[in-house]
Every structure is written in structure tokens, then in C-alpha cells.
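The figures that follow rest on heavy atoms only: side chains count, while hydrogens, waters and symmetry mates do not. In this chain, numbering begins with 1 at the start of the sequence shown.
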Amino acid sequence: MTAIETQDHKALREAVSAFGKRHGRENDPAQLWSDAAKLGYIGVNLPEAYGGGGGGISELSLVLEELGAAGSPLLMMIVSPAICGTVIARFGTDAQKEVWLPGLSDGTRLMAFGITEPDAGSNSHRITTTARRDQDTGDWLLTGRKVFVSGVDIADATLIVGRTEDARTGRLKPCLFIVPRDTPGFTRRPIDMELNAAEKQFELVLDDVRLPADALVGDEDAGLLQLFAGLNPERIMTAAFAIGMGRHALAKAVEYARDRTVWNTPIGAHQAIAHPLAQAHIDLELARLMMQKAAALYDAGDDMGAGEAANMAKYAAGEACVKAVDQAVHTLGGNGLTREYGLARLITAARVARIAPVSREMILNFVSHQTLGLPKSY
């Protein structure tokens with residue numbers, strides 16, 4: 001692992017940056033997704049054998065960061081190729097790979113990811129969505145609810161985290177199921193969000209949803225291994241999303257501070273303006289380094305090391321993003337709240353990186369007892 005990007009990564013970064021700037025922040029998300037897919041950006045992390053780019057989360061996070069920096073992030077990149085594509089590529093059956101990976105790679109198919117539940121929150125051990133076997137047919141029957149699931153309306157299927165009973169212990173263990181959008185008993189309700197985003201949020205209800213035996217992804221006994229194969233990339237990609245957003249806001253503020261003159265010099269010449277922007281840049285760069293470390297560890301197959309780094313990257317990026325957006329708005333003053341500059345909407349969006357997919361407090365819990373060896377408080 002090196003902290004210095006390879007020439008290939010630099011070239012990819014430059015190409016995606018130029019592509020993102022051509023589309024800009026007032027883009028058509030569907031067209032942006034389609035165009036990005038045609039250039040190989042959406043499936044850059046997926047296996048070449050199925051039409052992907054053969055890269056890893058390092059390349060995919062770079063793509064999302066640069067799109068965000070250009071003001072045109074694609075939230076579903078976190079979900080479809082990063083979580084769902086990675087899980088299927090690592091643990092799916094040959095048939096599942098043949099069915100799903102080509103479409104996920106070229107962007108013609110989308111998958112959503114359902115894990116959060118109304119009464120579980122950050123405690124995945126309290127997930128109550130259960131799957132039981134129909135002994136007569138071998139089918140699976142899923143029952144439960146999910147909330148804050150992104151893009152279900154545009155996804156062809158949702159990768160649902162459920163729990164099955166361990167035949168040896170009787171305890172419930174996590175398992176992953178592919179649930180096609182129009183499956184009977186699988187219904188969705190949009191959640192009315194203040195956040196103005198192209199990707200809508202949904203509550204899902206699974207009422208004895210019948211799935212064939214091959215809807216189960218991977219080994220029924222793999223449990224948490226398969227789950228965290230998707231959650232670690234999710235944290236890394238959320239960090240990329242936040243860093244890109246923070247860079248976009250910071251660039252707007254720097255441009256404004258360089259040109260805006262109230263007295264005799266541009267406002268950026270005053271340290272009260274310049275220093276906070278410099279601090280925001282430093283924080284974003286530090287967060288990027290941790291994100292790159294996490295991605296490199298994950299791509300190298302070090303799931304344990306990647307878990308720690310991914311959580312820290314997501315924490316650092318979320319904090320850096322919120323501070324960068326806040327300082328950018330403050331730098332522009334009243335203009336920071338106008339539609340012309342497009343910063344005001346980032347005030348709400350930046351908070352997402354702090355609370356999703358896991359809160360900063362839960363990350364601090366993870367670091368305190370997993371890394372520092374302190375006793376658990378729960």
C-alpha cells in the first residue's frame with residue numbers, strides 16, 4: 001500500500017473529474033448514471049468476466065469522490081455496485097453472478113439494500129426480519145419491515161438482510177436474500193424526507209414473501225462474514241461521498257473568497273476567512289488518506305483491518321464534510337443560502353455522512369472497544 005496514487009489512479013481521477021464537470025450539479029441523474037456506466041465507471045470494481053472493470057473499492061470510491069467534487073454525486077453507487085455487487089461477486093452462486101453482475105456492471109440493472117429496521121436501528125442483532133423454509137417446496141418465506149432504503153423504486157431488486165434459525169443452536173443468524181421488485185407480498189411506501197435528493201427513501205414491508213431456494217446469497221452459515229463484506233465497502237463509499245461533497249463546497253468558497261472584494265482586497269486575503277478554509281482542506285485530505293487506506297486493505301482481502309479503517313474513514317469524512325459545508329456557507333454569507341450557488345442544500349445533505357449508514361457515536365463505540373480494548377457499554 002502506498003499513500004501516493006498510481007498513474008492509473010491519477011488518470012482515472014482526471015477523467016472522472018472532467019466527466020463530472022461536463023454534467024455539473026444541475027444534471028439528469030438517470031442520464032448521468034447511464035453515461036457514467038457507458039464509460040465503465042459504475043462497474044469499475046466488478047469482475048472483468050462479468051463486464052466490470054476488474055478494479056476494486058479503491059477505484060470505485062475514487063469515481064464517487066470525483067463525481068461529488070464536481071457537484072454530481074451518485075448515491076446509488078454506494079448501494080448497487082459497492083454493496084450488492086461486491087457481495088454477489090464474492091459470495092453469490094454462479095447463477096446469481098450470471099444473472100446480476102453483467103447488469104450491475106454496465107449500469108442497466110440496479111439493486112437496493114435493506115438492513116435498517118424501525119426497532120433495530122444500529123443494533124443489527126435486533127433485526128426481526130426472518131426467513132423460514134417451506135418444508136414442502138424448499139422455498140424461503142420472508143417476513144419483516146425495513147426503513148430508509150434508498151432507490152427501491154428504481155431498483156430491479158433489493159438485497160434484504162434477514163435472519164434464519166441455526167439448526168444446531170436454535171439462534172437466529174443473518175442471511176442475505178435477493179428480492180425482485182415485483183415479488184408478491186413485497187410492498188414499499190415512500191418516506192417524506194426534508195432532504196432533497198434524487199434517490200428517494202422507502203419503508204418496506206415483507207409479508208410472507210415467497211422466494212425460491214436460490215434467492216439466498218452465499219452460504220447459509222456464513223453469517224456476519226457476508227454481511228460485513230457489504231458493510232465495509234458501504235462505509236468506504238460513504239466516506240468518498242462525503243469527501244466529494246466537502247471538496248465541492250470548499251471549491252465554491254475558495255473561488256468566492258478569491259474574487260469577492262468588499263474593502264481593498266479580496267476577502268480571502270483575511271486570515272479569518274482563509275484559515276478556516278485551509279483547515280477544512282486539511283481535514284478533507286486527512287479523511288481521504290484514511291479512506292484510501294481502508295479501500296486498499298479491503299481490496300487486499302484484509303476484512304478485519306478494513307473494518308477498523310472503514311469506520312474511521314467514514315467518521316473522519318463525515319466530520320470534515322459538515323465542517324467544510326458550514327464554512328463554505330459562512331464564507332459566502334447571504335449568497336451561501338441562494339439557489340445560484342447551490343450550497344444551502346448541502347447543509348442537510350452533509351449531515352447524512354454523520355448519521356448514515358452508522359452514527360459517529362457507534363463508530364466511537366467500535367474504536368473504543370475493538371481498537372482500544374475498552375469494555376463495552378452495551
- Report whether M111 and V209 are members of the same hydrophobic cluster (ILVMFWY, side-chain heavy atoms less than 4.5 Å apart, transitive linking). no

- Query: Would you say R132 and D208 make side-chain contact, with heavy atoms under 4.5 Å?
  - Reply: yes

- Using only heavy-atom distances, determine whether the side chains of N27 and S72 contain a donor-acceptor pair under 3.5 Å. no

- Message: Tell me whether the count of non-hydrogen atoms from other residues, nucleotides or ligands lying under 6.0 Å of CG in D192 goes above 12.
- Response: no

- In Å and rounded to the nearest 0.5 Å, what is the CZ to CG distance from R351 to L346? 13.5 Å

- Listed once per pair and sorted, the ring-ring contact (aromatic ring centres under 6.0 Å, His included) pairs that draw on residues 257-286, sequence neighbours left out: none

- Query: Can you tell if the side chain of L289 reaches within under 4.5 Å of the side chain of E285, non-hydrogen atoms only?
  - Reply: no

- In terms of hydrophobic clustering (I, L, V, M, F, W, Y; side-chain heavy atoms under 4.5 Å; direct or indirect links), are V99 and I88 co-clustered? yes

- Query: What do the steps show when you test F202 against F148 for ring pair (Phe, Tyr, Trp, His ring centres under 6.0 Å), and what is the final call?
  - Reply: CA-CA 5 Å; F202 291 87; F148 298 117; over 10 Å; no

- Between Y256 and N335, does any side-chain donor sit less than 3.5 Å from a side-chain acceptor? yes

- Task: Taking the side chain as every heavy atom from C-beta outward, state whether L104 and Y50 have any atom pair closer than 4.5 Å.
- Result: no

- Item | Trace of the side chain to side chain contact (heavy atoms under 4.5 Å, CB included) decision for Y378 with M362 | CA-CA 11 Å; Y378 55 93; M362 286 305 296; 4.0 Å; yes

- Message: E308 vs V367, test: side chain to side chain contact (heavy atoms under 4.5 Å, CB included). Steps then yes/no.
- Response: CA-CA 7 Å; E308 178 188 61; V367 173; 5.6 Å; no

- Message: Could you tell me if the side chain of R25 sits less than 4.5 Å from the side chain of R345, heavy atoms only?
- Response: yes

- Does L60 belong to the same Ile/Leu/Val/Met/Phe/Trp/Tyr cluster as F19, with side-chain heavy atoms less than 4.5 Å apart forming each link? yes

- Task: Step by step, work out the side chain to side chain contact (heavy atoms under 4.5 Å, CB included) result for E65 and R13.
- Result: CA-CA 9 Å; E65 180 195 340; R13 187 179 292 280; 3.3 Å; yes

- Using the rule that two of Ile, Leu, Val, Met, Phe, Trp, Tyr join whenever any of their side-chain heavy atoms come within less than 4.5 Å, decide whether I115 and W140 are in one cluster. no

- Message: Working to the nearest 0.5 angstrom, can you tell me the gap between L297 CG and Q292 CD?
- Response: 12.0 Å

- Interatomic spacing from CD1 in I160 to NZ in K146 - rounded to 0.5 Å: 6.0 Å

- Item | Check ion pair R247-E66 (N to O, under 4.0 angstrom) | yes

- Message: Please determine whether side chain to side chain contact (heavy atoms under 4.5 Å, CB included) holds for the pair I191 and V149, giving the CA-CA distance in whole Å, both sets of side-chain angles, and the decisive distance to 0.1 Å.
- Response: CA-CA 9 Å; I191 300 173; V149 184; over 6 Å; no

- Does the side chain of Y298 come within less than 4.5 Å of D303's, by heavy atoms? yes

- Query: Given side chains that start at C-beta, do those of L142 and T130 come closer than 4.5 Å, heavy atoms only?
  - Reply: no

- Hey, are the side chains of P375 and H369 touching, using non-hydrogen atoms and a 4.5 Å cut-off? no

- Query: Among I243, T238, I57, L62, which residue meets the side chain to side chain contact (heavy atoms under 4.5 Å, CB included) test with M291?
  - Reply: I243

- Task: For the residue pair L250 and V254, establish whether any side-chain heavy-atom pair is separated by less than 4.5 Å.
- Result: yes

- Message: Taking L211 as the starting point, is it possible to reach L159 by hopping between hydrophobic residues whose side chains are less than 4.5 Å apart?
- Response: no

- Full working for salt bridge (Lys or Arg N to Asp or Glu O under 4.0 Å) between K252 and E255: CA-CA 5 Å; K252 290 281 187 182; E255 180 182 16; 5.4 Å; no

- Task: Would you sort out whether Q201 and S150 count as a side-chain hydrogen bond (donor to acceptor under 3.5 Å, both in side chains), showing the intermediate values?
- Result: CA-CA 5 Å; Q201 300 295 311; S150 304; 2.8 Å; yes

- Query: Taking the hydrophobic residues Ile, Leu, Val, Met, Phe, Trp and Tyr, and joining any pair whose side-chain heavy atoms are under 4.5 Å apart, which ones share a cluster with V205?
  - Reply: none

- Message: Set out, in order, the CA-CA distance, both residues' side-chain angles and the distance that settles salt bridge (Lys or Arg N to Asp or Glu O under 4.0 Å) for E203 and R188, then state yes or no.
- Response: CA-CA 6 Å; E203 177 183 0; R188 64 180 185 266; over 6 Å; no

- d(T86 OG1, M237 CE) to nearest 0.5 Å is 9.0 Å

- Message: Test side-chain hydrogen bond (donor to acceptor under 3.5 Å, both in side chains) on T348 and E194; report intermediate values, then the result.
- Response: CA-CA 8 Å; T348 304; E194 285 281 358; over 6 Å; no

- Might you confirm whether atom CE of M304 has over 12 heavy atoms from other residues, nucleotides or ligands at distances under 6.0 Å? no

- Task: Would you kindly say whether Q31 and D35 are connected by a side-chain donor-acceptor distance under 3.5 Å?
- Result: yes

- Message: Between D8 and T6, is the side-chain hydrogen bond (donor to acceptor under 3.5 Å, both in side chains) condition met? List the steps.
- Response: CA-CA 5 Å; D8 286 345; T6 65; 5.2 Å; no

- Message: Side chains of N311 and R235 only: does a donor on one sit below 3.5 Å from an acceptor on the other?
- Response: yes

- Message: Counting only heavy atoms not in E361 (residues, nucleotides, ligands), do more than 12 fall under 6.0 Å from its CD?
- Response: yes

- Query: At what distance, to the nearest 0.5 angstrom, does OG of S80 lie from CD1 of I154?
  - Reply: 9.0 Å

Check residues 318-334 and write down every donor-acceptor pair under 3.5 Å in which the side-chain atom is one partner and the other belongs to a residue at least two apart or another chain.
unit_1, atom_1, unit_2, atom_2, d
E319, OE1, R354, NH2, 3.1
E319, OE1, R360, NH1, 3.2
E319, OE2, R354, NE, 2.9
E319, OE2, R360, NH1, 3.3
T331, OG1, Q327, O, 2.7

- Roughly how far apart are T338 OG1 and L343 CG, rounded to 0.5 Å? 8.0 Å

